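Just so it is clear, the structure is predicted and the values come from calculations on it, not from any experiment.
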Amino acid sequence: MSNSSSLNEFLLLAFADTWELQLLHFSLFLGIYLAALLGNGLIITAVACDHHLHTPMYFFLLNLSLLDLGSISITVPKSMANSLWDTRAISYSGCAAQVFLFVFSFGTECSLLTVMAYDCYVAICKPLHYGTIMGSRACVRMAAAAWASGFLTAVLHTGNTFSIPLCQGNVVDQFFCELPQILKLSCSDSYLREVGLIVVSACLNLGCFLFIVLSYVQIFTAVLRIPSEQGRLKAFSMCLPHLAVVSLFVSTGLFAYLKPPSISSPALELVLAVLYAVVPPKVNPLIYSMRNKELKDALKKLFQLVLVQQK
């Protein structure tokens with residue numbers, strides 16, 4: 001293929017060659033997808049319906065759940081459909097849309113997790129000024145900035161990637177259209193501009209991660225000074241779930257994009273893609289709800305209300 005203009009479709013990575021294994025892949029992804037929809041949907045409903053949860057922390061959690069619902073819907077349904085219909089094809093426009101939406105969700109989530117770390121820092125280290133710093137307008141602006149940064153990143157990467165001539169075939173060695181895999185199809189050195197953009201984005205995301213780490217160093221220092229054990233437990237229960245989500249999402253994502261070529265392999269890239277693209281939207285609701293008493297109480301009230309209405 002001489003250039004990208006002659007491409008009508010891409011061929012994605014197939015998880016299995018036999019119908020039985022394809023059906024198993026479909027079933028596993030369907031279970032993960034439904035669990036992610038249920039978990040994030042419950043968090044969104046609980047936060048929206050319970051006025052006790054109308055606080056900055058739960059406002060950002062609602063945004064994260066909305067983002068998780070979108071991010072897992074970008075990659076998993078198409079992969080399931082391909083397995084069910086025994087095909088690997090995705091249209092050129094569908095691939096471009098998948099790249100745009102995935103980069104948008106990834107960039108927005110990095111920014112949103114940084115904002116959530118800042119919210120936790122202000123709540124623990126500057127409690128007397130929390131209401132002033134984290135007012136409703138400030139929270140809306142921070143959330144809007146996170147979504148806008150993801151959108152801008154997605155526009156730059158998608159426009160730049162699909163303006164590069166592609167002459168190395170149309171086989172994408174991943175179960176969704178991933179930037180590094182698309183760049184492998186580019187001609188000669190024409191991909192270097194996009195690689196530069198990826199490195200800049202990775203450095204910005206690494207900067208967000210360092211900001212989060214430094215915030216938590218100060219948070220834990222402040223928590224250990226709290227005299228009462230109950231106060232320390234409450235502070236830890238508020239911050240530890242967020243730290244677990246950040247560690248899972250950022251570490252796997254950065255390693256997937258910045259790992260040395262010498263340790264790259266199709267199996268490793270597939271595992272990493274599942275870890276940072278599929279697993280976080282499913283486990284985030286579990287992580288946030290397991291140690292959060294307020295959220296668990298809100299979910300219990302929601303279930304009780306549903307049961308009462310059914311009777």
Side-chain angles (χ1 to χ4, degrees), residues 12 32-33 36 40 60-79 90 94-117 142-162 172-184 194-212 242-259 268-285 287:
L12 300 175
I32 292 172
Y33 186 56
N40 288 289
F60 294 129
L61 180 57
L62 184 145
N63 276 264
L64 183 64
S65 293
L66 286 171
L67 197 61
D68 283 340
L69 279 179
S71 66
I72 198 168
S73 298
I74 295 164
T75 57
V76 170
K78 178 59 179 175
S79 182
I90 182 172
C95 186
Q98 207 172 55
V99 168
F100 174 83
L101 292 171
F102 186 78
V103 174
F104 170 62
S105 65
F106 189 89
T108 304
E109 186 148 348
C110 285
S111 300
L112 198 56
L113 290 173
T114 306
V115 170
M116 293 173 75
M142 289 179 193
W147 289 89
S149 66
F151 179 80
L152 179 60
T153 302
V155 168
L156 289 173
H157 281 293
T158 307
N160 197 47
T161 298
F162 286 91
V172 179
D173 290 328
Q174 192 54 271
F175 71 94
F176 65 98
C177 286
E178 188 184 36
L179 274 179
Q181 302 302 328
I182 299 293
L183 292 178
K184 289 181 180 180
E194 174 58 22
V195 170
L197 268 178
I198 290 177
V199 171
V200 171
S201 296
C203 290
L204 290 175
N205 291 332
L206 186 60
C208 290
F209 181 66
L210 292 175
F211 175 86
I212 293 170
H242 178 256
L243 189 58
V245 169
V246 169
S247 300
L248 174 65
F249 177 75
V250 177
S251 60
T252 54
L254 285 178
F255 183 72
Y257 279 81
L258 299 179
K259 66 182 181 303
L268 178 62
E269 290 179 356
L270 179 61
V271 170
L272 287 172
V274 171
L275 283 176
Y276 78 84
V278 178
V279 173
K282 178 182 180 297
V283 302
N284 284 357
I287 292 173

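- Side-chain contact check for Asn284 versus Glu109: some heavy-atom pair is nearer than 4.5 Å.
- Here the CZ atom belonging to Phe162 is positioned 13.0 Å from the NE2 atom belonging to His157, to the nearest 0.5 angstrom.
- Taking CG of Asn40 as the reference point, atom OG of Ser73 lies at 9.5 Å (rounded to 0.5 Å).
- Disulfide status for Cys95 with Cys177: present, SG atoms under 2.5 Å apart.
- Rounded to the nearest 0.5 Å, atoms CG (Leu66) and CG (Leu61) are 10.0 Å apart.
- Between the side chain of Ser79 and the backbone N or O of Thr75, no donor-acceptor pair lies under 3.5 Å.
- Residues Val279 and Leu275 approach most closely at CB-O, 3.6 Å, considering heavy atoms.
- Between Phe60 and Leu112 the shortest heavy-atom distance is O-CD2, 4.0 Å.
- The two atoms that bring Ser71 and Asp68 nearest to each other are OG-O, 3.1 Å, heavy atoms only.
- Looking at Met116 and Ile212, their side chains never come closer than 4.5 Å, going by heavy atoms from C-beta outward.
- Side-chain contact between Ile32 and Ile72 is present, with heavy atoms from C-beta onward closer than 4.5 Å.
- With a 4.5 Å cut-off on side-chain heavy atoms, Phe106 and Leu179 do not count as touching.
- Remark: Phe100 CZ to Ile74 CD1 distance equals 9.5 Å, nearest 0.5 Å.
- In this structure, Ile90 CD1 and Phe176 CZ are separated by 10.5 Å, a value rounded to the nearest 0.5 Å.
- With hydrogens and angles disregarded, a donor-acceptor distance shorter than 3.5 Å links the side chain of Ser105 to the backbone of Phe102.
- Residues Thr108 and Trp147 form a side-chain contact, since some pair of their non-hydrogen atoms from C-beta on lies under 4.5 Å apart.
- For the pair Pro281 and Pro285, the tightest heavy-atom approach, listed with the atom from each and the gap, is O-CD, 3.3 Å.
- Atom CD of Gln181 is separated from atom CG of Leu12 by 10.5 Å, given to the nearest 0.5 angstrom.
- Shown here for Thr114 and Cys208, the closest heavy-atom pair between the two residues is OG1-CB, 3.2 Å.
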>> Test side-chain contact (heavy atoms from CB on, under 4.5 Å) on Thr158 and Phe104; report intermediate values, then the result.
In response: CA-CA 10 Å; Thr158 307; Phe104 170 62; over 6 Å; no
